[in-house]
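Below is one structure, written out as structure tokens; comments come after it.
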There are 2 protein chains.
Amino acid sequence: MAERDMDRSVSQTVRAQLTLRDMILSGGLRPGERISELQAVETTGASRTPVRMALVRLEEEGLLEAIPSGGFMVKAFSERDIVDAIEMRGTLEGLAARFAAERGVSVRDLEPLKECLDEIDGLVRQDPISVDAFSAYVALNARFHALLTELSRSPPLIRQIDRASALPFASPSGFVMAQSALPEAHQILLIAQDQHRVVIDAIENREGARAEAIMREHARLAARNLRLALRNKTHIDLLPGLALIKTVAD
Amino acid sequence: MAERDMDRSVSQTVRAQLTLRDMILSGGLRPGERISELQAVETTGASRTPVRMALVRLEEEGLLEAIPSGGFMVKAFSERDIVDAIEMRGTLEGLAARFAAERGVSVRDLEPLKECLDEIDGLVRQDPISVDAFSAYVALNARFHALLTELSRSPPLIRQIDRASALPFASPSGFVMAQSALPEAHQILLIAQDQHRVVIDAIENREGARAEAIMREHARLAARNLRLALRNKTHIDLLPGLALIKTVAD
DNA sequence: TGAACACATGTTGTATACAATTTTGCCAAC
DNA sequence: GTTGGCAAAATTGTATACAACATGTGTTCA
């Protein structure tokens with residue numbers, strides 16, 4: 001912790017925030033555990049002021065919780081919290097799809113989305129999907145969701161969706177893991193891909209209500225699959241931010 | 001600014017945050033205006049550290065925007081941002097209503113909601129509604145929305161809705177103003193009240209999809225009315241957080 | 001007259017010192 | 001043995017000093 005890479009281009013606050021977030025998400029700090037400022041100072045290398053700023057930001061982000069008597073602790077989530085977060089995010093993305101459709105987007109705007117989907121098609125064609133292809137899929141899926149969100153052209157909505165994604169299990173990766181952590185994973189991936197295509201079609205044809213409904217269904221499917229995966233304990237170790245869950249055992 | 005009430009029960013950070021928020025919302029600080037830390041120190045009476053913490057929190061809250069070169073400025077919102085924020089909040093409340101219905105709530109839980117609605121009934125009975133009755137209505141409406149949100153029993157969703165309400169024009173008060181800033185205000189209030197009743201009915205009967213649809217419609221109506229009010233410039237001065245809007249003149 | 005550079009000024013990011021509050025451990029009393 | 005209280009230690013909230021950076025202005029040269 002002495003000779004860490006002192007990148008002067010970013011502030012100490014940002015660096016401390018990144019370091020602490022990594023520690024929280026990787027499970028280096030247990031849920032419910034109090035975070036000692038001095039200890040954080042040692043591990044991050046920054047001084048107390050930037051550490052405190054980072055802690056405040058992480059609290060607003062939803063990863064930490066303020067202790068009434070002072071200081072912060074790592075927030076603990078229940079399994080239902082996770083499912084709820086995914087539905088919440090999907091609901092907001094549904095609104096984004098509706099906005100995109102109602103606002104009217106040009107064919108040019110939809111091109112990157114379609115390219116994304118074409119690339120995904122190439123990946124999901126193979127049935128026992130390789131590990132490399134899978135991580136490529138995760139990245140492409142995240143890209144698709146981000147592009148769709150942007151398409152709403154609504155800064156408040158985009159911001160809110162970003163905030164909802166701060167909870168790692170509610171991020172697009174969480175979507176994917178939820179969909180892929182079951183025996184019938186491959187079929188689910190195909191269904192999800194179909195839904196993606198239909199949403200784009202709905203947006204292209206200015207069908208706001210339809211676009212929203214599809215995205216809602218997309219999210220409800222992801223939530224359902226995650227519920228099943230949690231119950232069966234299948235591959236849940238793939239879920240990002242797992243370290244934040246209170247009791248993996250029910 | 002010398003002898004402000006030094007309430008030792010709350011931290012300097014919280015006090016600075018409240019003071020600065022008031023200044024922003026009341027228009028004491030113009031949108032796009034850079035916030036000087038030293039000036040904030042003078043006006044709030046706190047020292048630089050708590051002021052900085054307050055600024056970070058207000059940024060996360062969405063009222064401030066970070067300047068790349070350092071420091072913060074008051075965020076500016078377009079009229080469409082406001083309408084979007086109201087729809088966004090309504091969408092999340094729709095999800096809350098669905099959760100409440102699906103999760104199953106006892107009759108006891110619904111009682112406070114019904115009392116709220118009964119009280120509102122008493123107020124909206126008079127046609128030219130008095131000023132006192134109107135502010136009572138605003139308070140009761142806020143209470144109803146808060147109770148409904150709580151009914152979802154979903155901490156992540158409740159948190160997200162609270163955050164969405166941080167933008168003052170997206171708060172329940174914003175809902176009301178949007179609904180009441182038109183000539184046919186009284187009729188609109190009656191419709192809104194009807195929708196409130198139907199939502200409770202849907203929740204009571206475990207009809208999740210219906211409860212959600214009604215709340216969505218409730219929000220879309222509010223958004224539509226606000227759009228009209230903004231176009232006609234009728235009573236838009238009643239809208240909370242008006243000072244944050246970039247151009248009142250289109 | 002205009003543009004460019006240097007300097008001065010003000011502002012923010014960071015570090016640290018201090019004070020107050022909370023927590024913890026220990027000892028005594030019931 | 002348990003509980004209450006007291007004291008010490010640790011931790012957080014606050015204030016301020018310092019350093020790096022950005023900004024604006026004035027002067028000088030083309």
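None of these values were measured; they are calculated from a predicted model.
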Of the listed nucleotides (dA15(C), dG13(C), dT12(D)), which one gets closest to any side-chain atom of Arg48(A)? dT12(D)

Main chain of Arg57(A), side chain of Arg57(B): is a donor-acceptor contact present, judged purely on distance under 3.5 Å? no

Has the side chain of Asp81(A) got a donor or acceptor atom that lies under 3.5 Å from a matching backbone atom of Ser78(A)?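 Checking the backbone N and O of Ser78(A) against the side chain of Asp81(A), a donor-acceptor pair under 3.5 Å is found.
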
[atom1] of [X] versus [atom2] of [N]: gap in Å, rounded?
| X | N | atom1 | atom2 | answer |
| --- | --- | --- | --- | --- |
| Met53(A) | dT12(C) | CE | P | 12 Å |
| Gln12(B) | dA20(C) | CD | P | 13 Å |
| Arg15(B) | dG13(D) | CZ | P | 14 Å |
| Glu42(A) | dA10(D) | CD | P | 13 Å |

Is the closest basic N to carboxylate O distance between Glu87(A) and Arg98(B) below 4.0 Å? no

Scan residues 55-76 of chain B against DNA chain D and write down, sorted by residue number, each residue with any heavy atom closer than 4.0 Å; if none is found, say none. Ser69(B)

Show every donor-acceptor pair shorter than 3.5 Å between a side-chain atom in residues 140-150 of chain A and any protein atom, with sequence neighbours excluded, or say none if there are none.
{"residue": "His145(A)", "atom": "ND1", "partner": "Glu93(A)", "partner atom": "OE1", "Å": "2.8"}
{"residue": "His145(A)", "atom": "ND1", "partner": "Glu93(A)", "partner atom": "OE2", "Å": "3.0"}
{"residue": "Thr149(A)", "atom": "OG1", "partner": "His145(A)", "partner atom": "O", "Å": "2.8"}

Between the side-chain atoms of Thr49(B) and the base atoms of dT16(D), is any donor-acceptor pair under 3.5 Å?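 Checked by distance alone, the answer is yes.
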
Around atom CD of Glu33(B), are there more than 12 heavy atoms of other residues, nucleotides or ligands at under 6.0 Å? yes

Matching residue for Phe72(A) among Leu63(A), Leu58(A), Val56(A) - test: side-chain contact (heavy atoms from CB on, under 4.5 Å):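 Testing each of Leu63(A), Leu58(A), Val56(A) against Phe72(A), the sole residue satisfying side-chain contact (heavy atoms from CB on, under 4.5 Å) is Val56(A).
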
Tell me, which of residues 31-41 of chain A have any heavy atom that sits under 4.0 Å from an atom in DNA chain C? none

Full working for side-chain hydrogen bond (donor to acceptor under 3.5 Å, both in side chains) between Ser165(A) and Arg89(A): CA-CA 7 Å; Ser165(A) 312; Arg89(A) 185 170 191 282; 2.7 Å; yes

If only side-chain N and O atoms count, and only distance matters, is there a donor-acceptor pair under 3.5 Å linking Gln12(A) with Arg15(A)? yes

